[in-house]
Amino acid sequence: MIKLGVNVDHVATIRQARMTYEPDPVTAAGLADLGGADVITIHLREDRRHIQDRDLDLLRETVFTKLNLEMATSQEIVDIALKLKPAQITLVPEKRQEITTEGGLSVTTQKKMLTDLIKRFKDNDIYVSLFIDPDKDQIIASSDVGAQSIELHTGSYANAESEEQSTELLKILNVAVGIAQNQGLRVNAGHGLTYKNTGPVVEQLDIEELHIGHSIVSRAIFVGIEAAVREMKDLIYKHYMIKQSL
Ligand code: PXP
C-alpha cells in the first residue's frame with residue numbers, strides 16, 4: 001500500500017499568525033497518527049515561519065511512525081538534523097520570498113556538496129530523500145550523490161489547467177518513476193495534492209509515500225484532523241485497489 005505522509009506545517013502557520021501556543025502541530029501530529037498517517041512531515045525553515053525548534057524536539061520524542069524532516073542544506077539546519085536524527089530527511093530548496101517550496105532541488109549543480117552531506121546523514125542512520133522535479137538528469141544525479149529516495153514534485157501536475165495537460169504531466173511523472181526505479185531509488189511524491197487530484201496519482205504511479213499537507217489541514221478545519229487524514233487514507237486505498245484490479 002502507498003503510505004501517507006501528513007505535513008503539519010500548516011497548523012504551525014496558523015499558530016504563528018498570532019505568535020501564540022495554539023493550534024499545536026504536535027497535537028495535530030498525534031491526531032493525524034490516530035487517523036492513520038504513516039509519516040509525519042515537518043519543514044524546519046531557516047526563517048522559522050511555521051515549525052519551531054520546540055516542535056521538532058517534541059515531535060522527535062512523540063512520533064512513533066516515521067518523522068520526515070524537510071530541510072534546506074544550510075549549516076544551522078544540518079547541525080540540528082544531525083543532533084536530532086529524524087528517521088528521514090528530505091532535502092528541499094528554500095527561498096525566503098516563496099510562499100511554499102517552489103521548484104525541486106538542483107542536484108546536478110551541487111553534486112559534491114550533496115555527496116558529502118548525504119554521506120554524513122547516512123553515517124548517522126538518517127534516511128535521505130531529495131525533493132526534485134521529474135527530470136531525468138536530476139534523478140540520475142540523485143542516485144549519483146547517494147540518495148536513497150527521491151520525492152517527485154507534483155506541483156505542475158496539481159496546477160494543470162486542463163485534463164489533457166494533467167494526463168501529459170502524469171505521463172512525465174510516470175517516466176520519472178521508471179528512471180528512478182532503474183537507478184535503485186525509492187520514489188515518493190508530493191506538493192499540491194488534494195482530495196480531487198490524488199486518485200490518478202495512486203492509480204498510475206508506482207509510489208511509496210505521498211506527502212500531503214495543505215489539502216488535509218484545510219479539510220481538518222471543518223471535519224477535524226483525524227477524520228481528514230482518514231478520508232485521505234480511504235481515498236488512497238480505494239484508488240490503490242482500482243489499480244490492483246486493472
Ligand atoms: N513535499 C514537499 C517537499 C513540500 O515542501 C511540501 C510543502 O510543504 C509538501 C510535500 C506538501 O505540499 P502541500 O502542502 O501542497 O500538500
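Each ligand, and each atom within it, is numbered from 1 in the order the structure gives. Reckoned from all heavy atoms, side chains included, excluding hydrogens, waters and symmetry mates.
Between His10 and ligand 1, at least one pair of N/O atoms sits closer than 3.5 Å. Not one N or O of Leu193 is nearer than 3.5 Å to an N or O of ligand 1, by distance alone. Residue Asn7 places at least one N or O, backbone or side chain, under 3.5 Å from an N or O of ligand 1. Where the criterion is an N or O separation shorter than 3.5 Å, residue side chain and backbone included, Thr90 fails it with respect to ligand 1. The distance criterion of under 3.5 Å between nitrogen or oxygen atoms is met by Gly213 with respect to ligand 1.
Judged purely by atom type and a 3.5 angstrom limit, Asn124 has no side-chain atom pairing as donor or acceptor with the backbone of Phe121.
Looking at His153 against ligand 1, nothing comes within 4.0 Å, counting heavy atoms. Counting heavy atoms closer than 4.0 Å to ligand 1, residue His43 contributes nothing at all.
The Gly192 neighbourhood of ligand 1 comprises atoms 12 (O), 13 (P), 15 (O), 16 (O), with distances under 4.0 Å to a heavy atom of that residue. Each of the following atoms of ligand 1 lies closer than 4.0 Å to a heavy atom of His214: 13 (P), 14 (O), 16 (O). Within ligand 1, counting atoms from 1 as listed, the ones closer than 4.0 Å to a heavy atom of Val92 are 3 (C). Close contacts of ligand 1 with Ile212, meaning ligand atoms under 4.0 Å from a residue heavy atom, involve 16 (O).
The closest side-chain donor-acceptor pair between Asn188 and Glu151, if any, does not fall under 3.5 angstrom.
Remark: Tyr127 OH is packed, more than 12 non-hydrogen atoms of other residues, nucleotides or ligands lying under 6.0 Å away.
Under the rule for a ring-ring contact (aromatic ring centres under 6.0 Å, His included), His239 has no partner lying at least two apart in sequence or in another chain.
Salt-bridge formation is not detected for the pair Glu208/Lys3: no Lys NZ or Arg NE/NH1/NH2 atom is positioned less than 4.0 Å from an Asp or Glu carboxylate oxygen.
Put simply, the residue from Val8, Asp9, Ile77 that forms a side chain to side chain contact (heavy atoms under 4.5 Å, CB included) with His43 is Asp9.
Relative ring orientation between His10 and His214 is described as perpendicular, the plane-to-plane angle rising above 60° on a 0-90° scale split at 30° and 60°.
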Item to check | side-chain hydrogen bond (donor to acceptor under 3.5 Å, both in side chains) between Thr41 and Asn7, intermediate numbers included | outcome: CA-CA 4 Å; Thr41 294; Asn7 183 318; 5.6 Å; no
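Comparing heavy-atom distances from atom 2 (C) of ligand 1 across His50, His191, Glu70 singles out Glu70 as nearest.
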